[in-house]
Enquirer: 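Sending over a structure as structure tokens; questions will come in a sec.
Chain identifiers are assigned alphabetically (A, B, ...) following the order of the sequence lines, protein sequences preceding nucleic acid strands; residue numbering begins at 1 within each chain. FYI, side chains are in, hydrogens and waters are out, and symmetry mates aren't considered; it's all heavy atoms of this structure.
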There are 2 protein chains.
Amino acid sequence: MVHIVARHRSGTQARGEDTRRRILETALEIFATEGYEGASTRQLAEHADVNLPAIQYYFGSKEGLFRAVLEDIIEHTERHMAPLAPRVKAALADPMTSRDTLLDLLCEMLQSFVALVLGGTQIESRRLLFARSEVEDTPGLEQLHESGRRHVFAPCLELIARLLGRPADDPETSLRTLAVIGQVTIFCHKGALEAGGAEKFTPDRARLIQNLVREHTIAIFRAVSSKAASLQ
Amino acid sequence: MVHIVARHRSGTQARGEDTRRRILETALEIFATEGYEGASTRQLAEHADVNLPAIQYYFGSKEGLFRAVLEDIIEHTERHMAPLAPRVKAALADPMTSRDTLLDLLCEMLQSFVALVLGGTQIESRRLLFARSEVEDTPGLEQLHESGRRHVFAPCLELIARLLGRPADDPETSLRTLAVIGQVTIFCHKGALEAGGAEKFTPDRARLIQNLVREHTIAIFRAVSSKAASLQ
DNA sequence: GACATAGTCTATCGAGCGATATAAATGCAC
DNA sequence: GTGCATTTATATCGCTCGATAGACTATGTC
């Protein structure tokens with residue numbers, strides 16, 4: 001029952017801890033490329049260079065392993081988005097915050113989101129798993145989804161609601177928010193790589209995307225604000 | 001070997017043809033919700049109300065059935081996008097075409113794309129299968145991808161290249177194109193439904209999305225054109 | 001009415017899956 | 001060194017998968 005109790009390190013336990021992490025890290029890659037159902041426990045064990053029952057031993061089950069992988073990602077997401085959260089919260093709390101400040105915060109949110117999906121360690125795997133979470137229906141993916149909604153979608157929605165002068169639960173507000181975020185999420189898909197002409201997203205490429213999404217977003221909300229913003 | 005020879009209709013043959021179509025249509029739904037690997041031949045047969053070997057009989061194999069489903073979708077995509085293609089081609093061929101015309105055509109392309117993924121018959125299934133094609137790695141999906149690239153991405157890319165005054169193979173051009181298209185593709189994901197607050201995309205909702213994507217796109221390219229459009 | 005063809009049925013194959021029972025190996029405390 | 005918990009290894013279970021074999025029925029032809 002190692003996968004439940006807390007770990008204390010020394011000789012054998014330390015080795016066990018290493019094994020656990022090795023399984024966890026290779027599992028991220030394999031789940032990302034093969035999907036949950038597509039990845040077999042035998043494949044997972046082989047790539048982590050452990051024997052088959054090790055997965056049950058450390059994580060209880062294949063599902064337990066998958067959930068552990070997701071928890072790692074969620075934790076990373078939250079840590080990545082954390083610095084911006086209080087600033088957004090403060091800006092929203094103050095009714096006097098200027099439009100420029102709100103718009104600037106929105107752009108920062110989006111740029112941070114680009115950095116999240118295109119940068120950092122294990123980029124490719126996280127990117128693929130994000131994309132999968134939109135499609136598959138696997139135990140635990142709901143949590144990943146929920147995390148994305150809380151740390152990315154919700155703050156953007158609130159900022160955009162203020163920029164539009166509309167309630168956050170207005171359809172137009174949420175649909176515009178989705179459209180704006182869609183500018184970023186499309187880069188999670190492998191089709192975007194091919195169409196972009198490159199094999200991988202280099203840091204240069206990521207920075208270019210950040211700048212251009214910023215430019216688009218500013219253009220959108222400058223235009224929308226200059227009119228009554230009521231269509232249909 | 002019915003799945004190869006051409007069909008001629010009369011008594012038994014006509015019944016066979018009906019069975020074939022019934023399998024094809026229910027298979028679209030099941031592949032969309034369960035994925036290629038997730039859908040079992042037993043499930044497919046049961047939902048189509050045929051026995052298990054019927055799939056092998058009519059389509060050779062599970063893979064053959066899947067490819068047949070994709071071909072149906074691709075054909076639908078091409079037929080949907082066909083009316084716009086010659087107008088785009090003509091506009092691009094003429095070096096004197098005005099910016100406003102180019103921008104208007106781009107918006108029409110995007111609106112038509114919205115209608116494709118959110119409207120028509122078997123909407124939900126096609127939408128889900130589009131989303132899956134971005135992630136899964138299944139026989140034949142490459143063709144679907146290729147079709148989307150040729151009928152949606154490529155024309156938009158050419159129009160945007162002209163609007164930016166940049167070559168079509170410039171990274172900025174393709175990345176901007178992806179960002180703009182991303183405004184639409186995000187609505188293929190089920191997460192977009194929940195975040196949008198609705199259970200399904202009603203025609204009203206689809207029209208609202210069309211209008212708002214149009215507005216965003218116009219704002220983006222009016223702003224970009226008004227400056228030298230050279231960043232990073 | 002005999003025959004060939006088209007279509008459908010039941011039953012079953014071999015392969016791969018996740019999971020486990022069981023036991024050997026490893027390092028710790030005493 | 002002996003007892004004990006932790007970690008790794010072998011062998012195998014029960015199940016579902018895609019696919020097929022082969023018998024049976026319905027239809028159109030002559």
Enquirer: Can you tell me the distance, in whole Å, between the CZ atom of A/Phe31 and the C1' atom of C/dG18?
Expert: 12 Å

Enquirer: Is the distance from OP1 or OP2 of D/dA19 to the nearest side-chain N or O of B/Tyr57 less than 4.0 Å?
Expert: no

Enquirer: Just the rounded figure in Å: distance from P of C/dT20 to CG of A/Leu52.
Expert: 11 Å

Enquirer: To the side chain of A/Asn51, which of C/dT8, D/dA19, D/dT10 is closest?
Expert: D/dT10

Enquirer: Taking atom types as they are modelled, would you say the side chain of A/Arg42 forms a donor-acceptor pair with the base of C/dG16 within the 3.5 Å cutoff?
Expert: no

Enquirer: Check this for me, if you would: do A/Glu17 and A/Arg21 make a salt bridge, where the nitrogen-to-carboxylate-oxygen distance has to be below 4.0 angstrom?
Expert: no

Enquirer: Look at all strands and tell whether A/Ile55 reaches a base, only sugar-phosphate, or nothing, counting heavy atoms closer than 4.0 Å.
Expert: nothing

Enquirer: How long is the line joining CD of A/Glu37 and P of D/dG18, in whole Å?
Expert: 11 Å

Enquirer: Side chain of A/Ser40 only, please: which of D/dC17, C/dG7, C/dC17 is the nearest?
Expert: C/dC17

Enquirer: Please determine if B/Glu136 and A/Arg132 form a salt bridge, counting it only when a charged side-chain N lies under 4.0 Å from a carboxylate O.
Expert: no

Enquirer: Indicate, with a heavy-atom threshold strictly under 4.0 Å, whether A/Ala45 touches base, sugar-phosphate, or nothing.
Expert: nothing

Enquirer: To the nearest angstrom, how far is B/Gln56 atom CD from C/dT12 atom C1'?
Expert: 14 Å

Enquirer: Send over the distance from A/Phe66 CZ to C/dC17 C1', rounded to a whole Å.
Expert: 17 Å

Enquirer: Would you kindly give the CZ-to-C1' distance between A/Phe59 and D/dT8, to the nearest whole Å?
Expert: 15 Å

Enquirer: Aromatic rings A/Tyr36 and A/Phe31: how do their planes relate, parallel, tilted or perpendicular, breaks at 30° and 60°?
Expert: parallel

Enquirer: Return the 5'-most residue of the pair A/Asp49, B/Gly38 with respect to DNA chain D, ranking by each residue's nearest nucleotide.
Expert: A/Asp49

Enquirer: With the side chain of B/Ser61 defined as its heavy atoms from C-beta on, choose the nearest nucleotide among C/dT8, D/dA19, D/dA9.
Expert: D/dA19

Enquirer: How long is the line joining CG of A/Leu65 and P of C/dA19, in whole Å?
Expert: 10 Å

Enquirer: Return no unless some side-chain N or O of A/Thr41 is found under 4.0 Å from OP1 or OP2 of C/dC17.
Expert: no

Enquirer: Can you tell me if A/Thr19 touches the phosphate of D/dT8, counting only side-chain N or O atoms and a distance under 4.0 Å to OP1 or OP2?
Expert: yes

Enquirer: From CZ of B/Arg20 over to P of C/dA6, roughly how many Å is that when rounded to an integer?
Expert: 15 Å

Enquirer: With sequence neighbours left out, write down each residue that passes salt bridge (charged side-chain N to carboxylate O under 4.0 Å, His left out) with B/Arg67, or none if nothing qualifies.
Expert: B/Glu63

Enquirer: Taking atom types as modelled and ignoring hydrogens, do the side chains of A/His189 and A/Arg127 form a donor-acceptor contact shorter than 3.5 angstrom?
Expert: no

